[in-house]
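These notes concern the structure reproduced below.
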2 protein chains.
Amino acid sequence: MAYYEADTFGHAVRTGRPVAEMCASKGTSFEHFGAKQAHYDNHAVIYYEGDPAKRLYELASGTVMLYKLLPDGRRQVVEVLRPGDLFGLSGAEENDCTAETLTDAKVNEIDLRHVEKSADLQRHLTKCLTKQMRVLHEHAVLLGRKSAVERVASFLMHLVPNRGGLGCVGPVDDTEDGYDLQLHMTRQEIADYLGLTIETVSRVVSDMKRRGIIRVDRSDKIHLNKVCGLCQMTGMH
Amino acid sequence: MAYYEADTFGHAVRTGRPVAEMCASKGTSFEHFGAKQAHYDNHAVIYYEGDPAKRLYELASGTVMLYKLLPDGRRQVVEVLRPGDLFGLSGAEENDCTAETLTDAKVNEIDLRHVEKSADLQRHLTKCLTKQMRVLHEHAVLLGRKSAVERVASFLMHLVPNRGGLGCVGPVDDTEDGYDLQLHMTRQEIADYLGLTIETVSRVVSDMKRRGIIRVDRSDKIHLNKVCGLCQMTGMH
DNA sequence: CGAGCGCTTGACAGATCTCAATAAAAGTGG
DNA sequence: CCACTTTTATTGAGATCTGTCAAGCGCTCG
């Protein structure tokens, strides 16, 4: 079924020409620019830090993380990507991060030599990179200035659509302000993303559970009882 | 004299047309694309976080920092920019950071509406943004995973050209491996960049002084006695 | 010379990390 | 379907690093 979609996209490539409007209207996905789509299983490495950078990647579905390692094994997850995000552009001969899937993922891949040529694609790149840069800025604040509780609260809030950010719509309903979410990361991955240890993440989650802010149905299935309450804990209000 | 250069650049704008080769050959500076150059004094704010994003900026000379504030006053400096770097692209209606000079600075400014149009400019943007993203990734590792000593050591190493990074050339001379550097940031600014407190930065610097790794001639004039030795303290070897 | 600002230093507190044990969940093979 | 192993998550106790608060130092400039 997933494979079907790939074929559909492949077809679009064969018939379509790069058209700015198509790109702009659809927002994400650049299969129009001669990309081939690849599938990756859960926890598959797409490329390693230090590998020669050959392709530009666009995440079509699923989740991918980018991380860097220090020689002694410390790891920092620098980005958690969602569909539409780009990766593989390191600005050098070699990739600056390792890219690894967090779920099954579909990825559009374009040879870097082709990227240079298309003006529409360049415009698309600028837009995507700018957006990702904004996220990196906010994450720098989290890593540099937030407490463990604020980091975890911010992390959870980012998984709730249309809440917490600039376009926060507030509680939909006065009495009900819950939200069910599915984590695609282990505690270790979350810790490495938030610049904490696995034990600290676990303790903060347990604490939120004890205080009735969240309910943990399974370690990767968490119900937020009060989204607004959680948002107050992010350090941003 | 600085003003003279601005005139020279301004002249180039009036006579030249956007040419990819000009841009590529010079590497930085996009005065060819109809930019106006502005001068800012030391510690002048170019724009505030939350202001409407109207222009794209390219730093022509000097140093600029981008920072974000939390409501309680905590500050994180998210980027320290060098000539050739871009800023002002937030990917939204409003700037996501405040931009403030750390020195006198010359800045090329283009109205965002003009940016859309030029393909060459877009290509230039992609290249610059990619490079800055790489720096942000590395800084995330610093903020998330490095100790105070490693952070300060990394910070100082970044101020030494051609050392520490991928293209490290090693000591030029077997006996001499010193380097004189000029900080353009106060201890507070450094602390806010490294995710530390001013006291911790001060203590780490004093400690390095005591151990003979650096010599502090003035609080903003630091001599590195052994660049290689300092590099060993960054956590990256 | 004195005021003001930035920097340094000390003593202490507290948050997070480390190490270790236990518990829970997921995968394996009979 | 059930032991059994392996992995992942939780919890506790203690150590450590960095932050907090407060005082003192040393420029720079009027």
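Protein chains get the first letters and strands the later ones, always in sequence-line order, with residue 1 at the start of each. Please read these numbers as outputs of a predicted model, since none were measured by experiment.
Separating the CD1 atom of A:Ile198 from the P atom of D:dT11 is a distance of 13 Å, rounded to the nearest angstrom. In this structure, the CG atom of B:Leu196 is 10 Å from the C1' atom of D:dG19, given to the nearest Å. Between the CZ atom of A:Arg151 and the P atom of C:dT16 there is a distance of 8 Å, rounded to whole Å.
For DNA chain C, each stem of at least three Watson-Crick or G-U pairs (distances under 3.5 Å) is given as range with range: C:1-30 with D:1-30.
Scanning atom types as modelled, no donor and acceptor separated by under 3.5 angstrom connect the side chain of A:Arg210 and the base of D:dT10.
Residues A:Gln76 and A:Leu143 are in side-chain contact: their nearest non-hydrogen atoms beyond the backbone lie under 4.5 Å apart. Taking the side chain as every heavy atom from C-beta outward, B:Leu136 and A:Met133 approach each other to under 4.5 Å. Between B:Arg151 and B:Leu196 there is a side-chain heavy-atom pair separated by less than 4.5 Å. Counting heavy atoms from C-beta outward, A:Val152 and A:Met208 have side chains that approach closer than 4.5 Å.
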For nucleotides 22-27 of chain D, tabulate all protein N/O to nucleotide N/O atom pairs closer than 3.5 Å, reporting atom names and distance.
none

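At D:dG19, one or more side-chain N or O atoms of B:Thr200 fall inside 4.0 Å of OP1 or OP2 (strictly under the cut-off). Contact annotation: B:Ser206 side-chain N/O to C:dT9 OP1/OP2 distance is under 4.0 Å. Taking 4.0 angstrom as the limit, A:Arg187 places a side-chain polar atom (N or O) nearer than this to OP1 or OP2 of D:dT10.
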N/O donor to acceptor pairs below 3.5 angstrom from side-chain atoms of residues 226-237 of chain B, sequence neighbours left out:
residue  : atom : partner  : partner atom : Å
B:Thr234 : OG1  : B:Cys231 : O            : 2.8
B:Thr234 : OG1  : B:Met236 : N            : 3.3

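Every pair passing salt bridge (Lys or Arg N to Asp or Glu O under 4.0 Å) that includes a residue from residues 37-52 of chain B is listed here, sequence neighbours excluded: B:Glu49-B:Lys68. For residues 72-96 of chain B, the ring-ring contact (aromatic ring centres under 6.0 Å, His included) pairs, not counting sequence neighbours, are B:Tyr57-B:Phe87.
When the nearest nucleotides of DNA chain C are assigned to A:Thr197 and B:Ser202 by heavy-atom distance, the more 5′-ward of the two goes with B:Ser202.
Here B:Asn95 pairs with nothing under the side-chain hydrogen bond (donor to acceptor under 3.5 Å, both in side chains) rule; sequence neighbours left out.
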